[in-house]
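These numbers were taken from a predicted model, which means no experiment stands behind them. Throughout, a chain's letter reflects where its sequence line sits, starting with A, and its residues are numbered from 1.
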2 protein chains.
Amino acid sequence: MLGSLHDEGAARLSNKTYTISDLAREFGVTTRTIRFYEEKGMISPLREGQKRLFTPSDRVRIKLILRGKRIGLSLKECIEVIDMYDPQHNNTDQLHSLIDTIDSRRQTLQQQQRDIDDMLANLDQIKALCERSLSSYIAPDQGTSNRKKI
Amino acid sequence: MLGSLHDEGAARLSNKTYTISDLAREFGVTTRTIRFYEEKGMISPLREGQKRLFTPSDRVRIKLILRGKRIGLSLKECIEVIDMYDPQHNNTDQLHSLIDTIDSRRQTLQQQQRDIDDMLANLDQIKALCERSLSSYIAPDQGTSNRKKI
DNA sequence: GTACAGATTTACGTTAACGTAAACGGAAAT
DNA sequence: ATTTCCGTTTACGTTAACGTAAATCTGTAC
């Protein structure tokens with residue numbers, strides 16, 4: 001399997017499991033959300049009778065899904081990224097195509113980095129203007145455009 | 001107005017305008033999208049009879065909307081950010097509250113930066129594994145886990 | 001036993017961000 | 001004059017990602 005990342009102490013042979021509300025609480029989502037992810041085939045928890053039993057691996061997948069969402073990926077894109085961890089390799093073509101996918105995903109991420117940097121810089125500017133405006137604050141006043149500081 | 005950014009050559013007193021398809025083409029979106037943004041009050045192009053006339057300011061707003069979208073903001077969040085450029089200040093409380101908003105938005109952006117960095121690092125790992133797997137490729141083979149390089 | 005807290009399935013509802021189609025207006029080219 | 005190209009309005013359709021409600025099961029506390 002090309003080396004499964006995220007085993008989180010594979011040595012411990014961890015057979016720990018989580019309930020659905022454990023994970024919901026940990027990640028600040030509803031149980032509905034987690035069931036929805038299962039419906040979509042994004043996770044496949046075990047069953048103990050009727051109840052779901054989540055493994056550490058399920059837990060990591062959820063974590064990765066939420067990381068994806070934080071940067072604006074759709075759920076579909078989230079699984080695309082996650083599936084890269086466990087490639088159906090064996091095949092040279094597939095490996096090459098995976099590399100292409102990775103490169104393209106990287107482009108997007110780098111564009112996002114630039115966008116975030118830009119936006120942060122803008123926020124800094126605005127904040128600075130706010131603070132200058134506050135420091136020189138005396139009384140309510142209109143047009144501040146080209147007015148010199150008092 | 002606390003100093004309007006993005007005048008893009010305010011000195012030139014630019015009265016250039018754009019048609020809807022100009023901007024659609026430039027930004028790679030449909031005209032429907034632009035009209036939709038107007039419906040939502042995100043831009044307010046002039047009219048020449050019935051037709052829309054977009055100013056450089058409209059153009060910048062669209063640009064900022066799309067930047068927001070690229071990092072996963074909703075349209076509502078996009079205008080929240082854009083509106084920071086043109087605060088209804090005059091009021092100390094409002095300025096303080098704007099600063100809070102900025103700080104909170106910054107937190108989110110920084111979390112996104114971390115998420116992107118993490119994801120990029122993961123992609124690098126996966127790619128490296130792919131390439132190692134390709135370089136030692138001889139014939140279709142199963143378990144590569146702990147196998148030494150040939 | 002039964003009440004109660006959690007878990008499950010089923011299924012309809014909701015919001016966002018457009019897509020898409022229909023029907024029409026005005027100017028320019030043929 | 002009529003086709004051809006924008007452009008416009010109106011309006012219904014669509015997908016994603018859950019929310020929410022109702023009915024059922026189930027193990028544990030009392």
Closest to the B:Thr30 side chain, choosing from D:dC18, C:dG19, D:dT8: C:dG19
Residue B:Leu75, side-chain heavy atoms: nucleotide from C:dC18, D:dC18, C:dT9 that is nearest: C:dC18
Note: A:Asp22-A:Arg59 ion pair, threshold 4.0 Å (strictly below): no
Whichever of A:Lys76 and B:Arg25 has its nearest DNA chain D nucleotide further upstream toward 5': B:Arg25
No-H, no-angle donor-acceptor pair, A:Arg32 side chain to D:dT20 base, under 3.5 Å: yes
Basic-acidic side-chain contact under 4.0 Å: A:Glu38, A:Arg61: no
Salt-bridge present (A:Asp115, B:Arg70; N to O < 4.0 Å): yes
Separation of atom CZ in B:Arg35 from atom P in C:dG19, rounded to whole Å: 11 Å
Nearest-angstrom distance from the residue atom OH of B:Tyr37 to C1' of C:dA17: 8 Å
Atom-to-atom span, CD of B:Glu77 to C1' of C:dT15 - whole angstrom: 14 Å
Donor on one side chain, acceptor on other, A:Thr30 and A:Thr33, under 3.5 Å: yes
B:Gln50 vs A:Glu38, nearer the 5' end of DNA chain C by closest nucleotide: A:Glu38
Length of the CZ-P vector between B:Arg47 and D:dC6, whole Å: 19 Å
B:Ile20, nearest nucleotide to its side chain (from C:dG6, D:dG7, C:dA17): D:dG7
Options D:dT8, C:dA17, D:dA17, nucleotide nearest the side-chain atoms of A:Ser74: D:dA17
Rounded interatomic separation in angstrom, taking OH from A:Tyr18 and P from C:dA7: 16 Å
Below 4.0 Å: OP1/OP2 of C:dC18 and any side-chain N or O of B:Lys69: yes
Length of the CD1-C1' vector between A:Ile79 and D:dA16, whole Å: 13 Å
Shortest side-chain distance from B:Ser21, nucleotide among C:dC18, D:dC6, D:dT8: D:dC6
OP1 or OP2 of D:dT9 under 4.0 Å from side-chain N/O of B:Arg52: yes
Integer-rounded Å distance: D:dA16 C1' and A:Lys40 NZ: 8 Å
Donor-acceptor side-chain pairing of A:Tyr18 and A:Asp58 below 3.5 angstrom: no
Under-4.0 Å side-chain N/O to phosphate OP1/OP2 contact, A:Thr33 with D:dA17: no
D:dG7 phosphate, OP1 or OP2, under 4.0 Å from B:Thr19 side-chain N/O: yes
Atom-pair distance (CG on B:Leu73; P on C:dC18), nearest Å: 13 Å
